[in-house]
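Predicted, not measured: the structure shown is a model, and the values here were computed from it. Here is how names work: the chains are called A, B, and so on, in the same order as the sequence lines, proteins then strands, and each is numbered from 1.
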2 protein chains.
Amino acid sequence: MDTRTLCLGVLNRGDASGYAIKKSFEEGPLAHFQEASFGSIYPALTRLSDDGLVVCRAQAQNKRPDKKLYSITDAGRAALEDALHRRPTDDEVRSDFLFVLFFAHLLPAATLNRLIDDRIAWYEDVLLRMTENADLDHRPAGERFVHGLGLAVYRCARDYLRDHRDTLLAGAADARVHAAE
Amino acid sequence: MDTRTLCLGVLNRGDASGYAIKKSFEEGPLAHFQEASFGSIYPALTRLSDDGLVVCRAQAQNKRPDKKLYSITDAGRAALEDALHRRPTDDEVRSDFLFVLFFAHLLPAATLNRLIDDRIAWYEDVLLRMTENADLDHRPAGERFVHGLGLAVYRCARDYLRDHRDTLLAGAADARVHAAE
DNA sequence: CCAGCCTATATCCGTCCGATATATGCACCG
DNA sequence: CGGTGCATATATCGGACGGATATAGGCTGG
């Protein structure tokens with residue numbers, strides 16, 4: 001999904017500045033499956049403005065750079081709906097963690113243990129924040145559905161790490177012994 | 001993970017050409033969590049060659065461009081191990097599918113149904129290929145572990161789609177009715 | 001028989017990410 | 001009271017990367 005459509009999606013939920021849009025990809029409910037950087041957001045907002053899909057009103061701020069609040073227009077909502085009707089591309093997952101574990105037999109047990117401990121802690125942390133800040137009752141069905149799917153998948157991954165780590169550690173130790181022979 | 005390290009990882013499992021490396025990111029066991037394009041693989045192999053981390057022998061082929069078979073060197077293996085010891089960055093997930101479902105209330109029921117049907121079929125397809133082509137007994141523990149995690153997570157996502165789609169459809173229909181009022 | 005796909009290498013262009021620059025307010029700590 | 005670090009806020013640059021394209025011949029199926 002190109003950055004312009006992502007911005008339209010965020011703005012469809014409410015007016016925001018470029019900075020706030022960035023934050024919504026770091027902390028908001030979209031954070032777990034979409035990302036965009038300043039280097040793509042600011043040019044995207046400029047182009048959306050030029051095309052009339054958003055409007056921008058500058059909010060003068062006391063001794064700070066003007067905050068540029070963007071709002072989606074009717075044309076913007078139409079463009080968003082249009083983009084939503086296109087068949088989505090395949091999901092992309094990028095996990096350096098799994099790449100490292102893939103070569104577990106090249107790593108010492110201590111490193112593997114720390115790696116898995118850290119990752120389980122990360123999952124616990126995310127799950128806690130997702131269940132705390134839920135506030136789901138007032139959100140549309142799509143958001144609730146996506147939130148629930150995220151919870152289910154994260155729990156599943158955490159459980160797998162917890163339940164199979166010993167098998168991995170034993171197998172990796174075996175491989176190291178055989179390699180040393 | 002930069003493309004050079006990814007290439008070292010693939011070559012650590014056996015000699016390969018640039019084309020074969022690309023294929024291993026499309027079909028091989030790494031496919032589900034790493035990706036690289038020709039536009040990054042070929043320059044990466046050139047640089048790895050220059051740095052002595054891989055060696056290349058050209059295989060003359062009958063009426064075809066020479067196949068350049070790359071092999072990892074001892075220095076390359078050291079560089080790979082070094083990269084594996086660095087703390088991995090956070091996982092990245094990019095799902096246009098979830099982005100679309102997030103705005104389910106903007107889409108007609110027929111579109112949502114097709115979307116979810118297609119995605120469940122995709123999961124079934126991947127799960128089938130992952131269990132058929134397994135051949136796991138001869139693979140190192142790390143590969144088995146990562147494979148098992150992939151299976152678990154895909155099954156979990158498929159089950160969630162299957163078990164919660166009706167709730168989503170009902171909720172989205174509700175939202176459309178309220179918006180029309 | 002030939003259209004389309006597979007093997008195989010390579011490059012180009014546009015887009016995107018990460019780092020950096022700039023500017024200021026506020027909270028915390030010694 | 002001063003300074004360190006973090007949050008707000010916009011913007012740009014360089015390098016890395018992905019998708020499309022070019023080239024070229026072989027194999028396969030309708």
Side-chain angles (χ1 to χ4, degrees), chain A residues 1-7 10-11 15-28 31 33-50 54 56-70 83 86 88-94 96 99, chain B residues 1-7 10-11 15-28 30-31 33-51 54 56-70 83 86 88-94 96 99:
Chain A
M1 201 68 75
D2 62 304
T3 308
R4 293 200 304 286
T5 308
L6 294 181
C7 289
V10 172
L11 292 176
D15 298 351
S17 65
Y19 184 82
I21 291 174
K22 178 80 200 313
K23 266 210 318 187
S24 80
F25 289 122
E26 280 164 359
E27 300 165 24
F33 53 93
Q34 292 293 341
E35 181 59 69
S37 66
F38 287 130
S40 53
I41 289 173
Y42 283 118
L45 288 172
T46 305
R47 270 193 59 182
L48 288 170
S49 251
D50 292 346
V54 303
C56 167
R57 63 210 135 92
Q59 263 194 347
Q61 289 196 124
N62 201 13
K63 302 223 184 191
R64 276 202 192 175
D66 285 6
K67 182 194 282 187
K68 294 187 182 174
L69 254 196
Y70 290 90
R86 281 196 278 277
T89 59
D90 280 354
D91 288 1
E92 291 162 46
V93 177
R94 194 118 196 171
D96 288 1
F99 184 78
Chain B
M1 200 68 75
D2 63 304
T3 307
R4 292 200 306 285
T5 307
L6 294 181
C7 289
V10 173
L11 293 175
D15 297 353
S17 65
Y19 185 81
I21 290 173
K22 178 78 198 317
K23 267 211 316 188
S24 79
F25 288 121
E26 280 163 0
E27 300 165 24
L30 291 160
F33 54 91
Q34 291 294 338
E35 181 58 70
S37 67
F38 287 130
S40 53
I41 289 173
Y42 284 117
L45 288 172
T46 306
R47 269 194 60 183
L48 287 171
S49 251
D50 291 347
D51 297 350
V54 304
C56 167
R57 63 211 136 91
Q59 261 193 348
Q61 289 196 126
N62 200 13
K63 303 223 184 187
R64 277 203 190 176
D66 286 5
K67 182 193 284 188
K68 294 186 182 172
L69 254 197
Y70 291 89
R86 281 195 278 276
T89 59
D90 279 355
D91 288 1
E92 290 162 47
V93 177
R94 194 115 195 175
D96 289 1
F99 184 77

d(CD1, Ile41(A); P, dT12(D)) in whole Å: 14 Å
Quick one: does any side-chain atom of Arg94(B) pair with a main-chain N or O of Glu35(A) as donor and acceptor, under 3.5 Å? yes
So how far is it from Tyr42(A) OH to Cys7(A) SG, rounded to the nearest 0.5 Å? 10.5 Å
Detail all sub-3.5 Å separations between protein N/O atoms and N/O atoms belonging to nucleotides 10-15 of chain C.
{"residue": "dA10(C)", "atom": "OP1", "partner": "Lys68(B)", "partner atom": "NZ", "Å": "2.5"}

Validate the cation-pi geometry between Lys22(A) and Phe38(A): distance from NZ or CZ to the six-membered ring centre under 6.0 Å, angle to the ring axis within 45°. yes
Out of dT7(C), dG19(D), dA8(C), whichever nucleotide has its closest atom nearest the side chain of Lys23(B): dT7(C)
Give the rounded distance in Å between these two atoms: OH of Tyr19(A) and P of dA11(D). 15 Å
Would you mind reading off the distance between Glu92(A) atom CD and dC17(C) atom C1', rounded to a whole angstrom? 14 Å
Kindly indicate whether the side chain of Leu45(A), heavy atoms from C-beta on, has any atom under 4.5 Å from the side chain of Lys68(A). no
Over how many whole Å does the gap from Glu27(B) atom CD to dC6(C) atom C1' extend? 11 Å
Roughly how far apart are Leu48(B) CG and Thr3(B) OG1, rounded to 0.5 Å? 9.5 Å
Any idea which of dG18(D), dC17(C), dC6(C) is nearest the Arg94(A) side chain? dG18(D)
Does the Ser24(B) side chain pair with the main chain of Ile21(B), one donor and one acceptor, at a distance under 3.5 Å? yes
Between NZ of Lys67(B) and C1' of dA24(D) the distance, given in whole Å, is 16 Å
Starting at CZ of Phe25(A) and ending at C1' of dC16(C), how long is that distance when rounded to a whole Å? 13 Å
In whole angstrom, what separates Lys22(A)'s NZ from dT8(D)'s P? 12 Å
Quick one: Leu6(B) CG to dG18(D) C1', roughly how many Å, whole number? 14 Å
Of the listed nucleotides dG18(D), dC17(C), dA9(D), the one nearest the side chain of Ser17(A): dA9(D)
Proximity to the side chain of Asp2(B) - top-ranked nucleotide from dT10(D), dT9(C), dC17(D): dC17(D)
Does the salt bridge (Lys or Arg N to Asp or Glu O under 4.0 Å) test come out yes or no for Asp15(B) and Arg57(B), once each step is laid out? CA-CA 10 Å; Asp15(B) 297 353; Arg57(B) 63 211 136 91; 2.7 Å; yes
